[in-house]
Amino acid sequence: MPTVTYISCEGTKQKFEIPVGKRVMQAAIANGVDGIVAECGGQAMCATCHVYVDDPWRDTFAPITEEEDEMLEETVSERTSASRLSCQLVITDDSDGLIVRLPEAQV
């Protein structure tokens with residue numbers, strides 16, 4: 001099972017095994033990761049599950065959709081080239097070792 005490490009803006013690390021097919025946001029909520037709000041429940045409609053995806057995993061996920069791109073323009077914390085909505089990131093075998101960093105704020 002792939003492992004994902006969530007790193008808070010303070011540097012606190014939480015590492016979990018996540019089943020293939022789960023979304024990074026779902027796993028964060030299920031494991032009580034602070035910093036993922038997910039107000040819309042994973043519909044790419046609120047931008048409160050914003051994360052920064054470390055290299056080399058950025059290219060292992062489906063490309064950003066127009067919907068996600070629009071929501072990323074609404075994030076509270078700075079959008080960067082590493083920004084993604086964690087509700088749109090589906091875990092695959094290629095996700096093993098994934099590191100996502102949480103922004104300072106979601107709302």
Side-chain angles (χ1 to χ4, degrees):
M1 197 174 322
T3 61
V4 176
T5 302
Y6 299 83
I7 302 177
S8 73
C9 61
E10 294 88 21
T12 304
K13 296 179 182 181
Q14 294 178 277
K15 186 175 183 176
F16 305 102
E17 288 187 341
I18 310 298
V20 169
K22 279 267 195 204
R23 295 177 185 267
V24 172
M25 182 270 306
Q26 292 172 313
I29 298 299
N31 288 291
V33 173
D34 285 333
I36 300 287
V37 178
E39 286 181 346
C40 74
Q43 302 301 309
M45 297 178 69
C46 71
T48 61
C49 67
H50 176 211
V51 295
Y52 302 109
V53 178
D54 273 17
D55 277 333
W57 297 278
R58 288 182 197 165
D59 295 330
T60 64
F61 294 103
I64 294 175
T65 64
E66 184 177 325
E67 212 173 49
E68 182 180 2
D69 189 48
E70 288 176 17
M71 283 294 98
L72 286 168
E73 291 299 323
E74 304 300 321
T75 60
V76 172
S77 293
E78 178 185 7
R79 180 182 182 173
T80 71
S81 60
S83 291
R84 292 297 303 261
L85 297 181
S86 61
C87 67
Q88 301 302 296
L89 303 177
V90 179
I91 298 295
T92 67
D93 288 326
D94 291 336
S95 304
D96 190 36
L98 172 66
I99 297 172
V100 294
R101 297 176 189 276
L102 305 175
E104 286 187 38
Q106 296 283 10
V107 292

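Just so we're clear, the structure is a prediction, and the values are computed from it rather than from any experiment.
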Student: Measuring from Ile7:CD1 to Arg101:CZ, what's the distance to the nearest 0.5 Å?
Tutor: 4.0 Å
Student: Establish whether Met25 and Val53 are linked, either directly or via other cluster members, by ILVMFWY side-chain heavy-atom contacts under 4.5 Å.
Tutor: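 Yes; tracing contacts between hydrophobic side chains, which count when under 4.5 Å, links both residues.
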Student: Which heavy atom in Val37 sits nearest to a heavy atom in Ile29, and how many Å separate them?
Tutor: O-CD1, 4.3 Å
Student: Find the distance between CG (Asn31) and CD1 (Ile36) and round it off to the nearest 0.5 Å.
Tutor: 11.5 Å
Student: Please confirm whether the backbone N or O of His50 pairs with a side-chain atom of Gln106, one donor and one acceptor, at under 3.5 Å?
Tutor: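 Side chain of Gln106 to backbone of His50: a pair is present.
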Student: Which atoms form the tightest heavy-atom contact between Asp96 and Trp57, and what is the distance?
Tutor: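 What the structure gives for the nearest pair is O-NE1, 3.2 Å.
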Student: What closest approach, in Å, do Cys46 and Cys40 show between heavy atoms, and which atom pair accounts for it?
Tutor: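 Looking at all heavy atoms of both residues, the shortest contact is SG-N, 3.4 Å.
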Student: If I compare all heavy atoms of Leu72 with all of Ile64, which pair ends up nearest, and what's the gap?
Tutor: CD1-CD1, 4.0 Å
Student: Tyr52, Leu102: one ILVMFWY side-chain cluster at the under-4.5 Å cut-off?
Tutor: no
Student: Using the side-chain contact (heavy atoms from CB on, under 4.5 Å) rule, pick out the option among Ile91, Ile18, Thr60, Thr3 that qualifies with Leu98.
Tutor: Ile91
Student: Taking atom OG of Ser95 and atom CE of Met1, what is their separation to the nearest 0.5 Å?
Tutor: 13.0 Å
Student: Does any N or O in the side chain of Ser86 come within less than 3.5 Å of the main-chain N or O of Cys49, such that one atom is a donor and the other an acceptor?
Tutor: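 Yes: the side chain of Ser86 pairs with the backbone of Cys49.
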Student: Could you check whether any side-chain N or O of Asp54 sits under 3.5 Å from a backbone N or O of Val100, counting only pairs where one atom can act as donor and the other as acceptor?
Tutor: no
Student: Around atom CG of Asp59, are there more than 12 heavy atoms of other residues, nucleotides or ligands at under 6.0 Å?
Tutor: no
Student: Please report the closest heavy-atom contact between Met71 and Ala47, naming both atoms and the distance.
Tutor: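 Minimum heavy-atom separation between Met71 and Ala47: O-CB, 3.4 Å.
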Student: Within a strict 4.5 Å, meaning less than it, do heavy atoms of the Val107 and Glu39 side chains meet?
Tutor: yes
Student: With no hydrogens and no angle check, is any side-chain donor or acceptor of Tyr6 less than 3.5 Å from a backbone partner on Asp34?
Tutor: no
Student: Looking only at non-hydrogen atoms, find the nearest pair between Val90 and Phe61 and report the distance.
Tutor: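 It is O-CE2, 3.4 Å.
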Student: Tell me, do Val20 and Pro2 make a side-chain contact under 4.5 Å, heavy atoms counted?
Tutor: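 Yes, side chains in contact.
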Student: Considering only residues two or more places apart or on different chains, which pairs with a residue in residues 68-77 satisfy side-chain hydrogen bond (donor to acceptor under 3.5 Å, both in side chains)?
Tutor: Glu68-Arg84, Asp69-Arg79, Glu73-Arg79
Student: Look up atom CG in Leu89 and atom CD in Gln26, then write down how far apart they are to the nearest 0.5 Å.
Tutor: 11.0 Å
Student: Tell me yes or no: between the side chains of Ser8 and Glu10, is some donor less than 3.5 Å from an acceptor?
Tutor: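 Yes, side-chain donor-acceptor contact under 3.5 Å.
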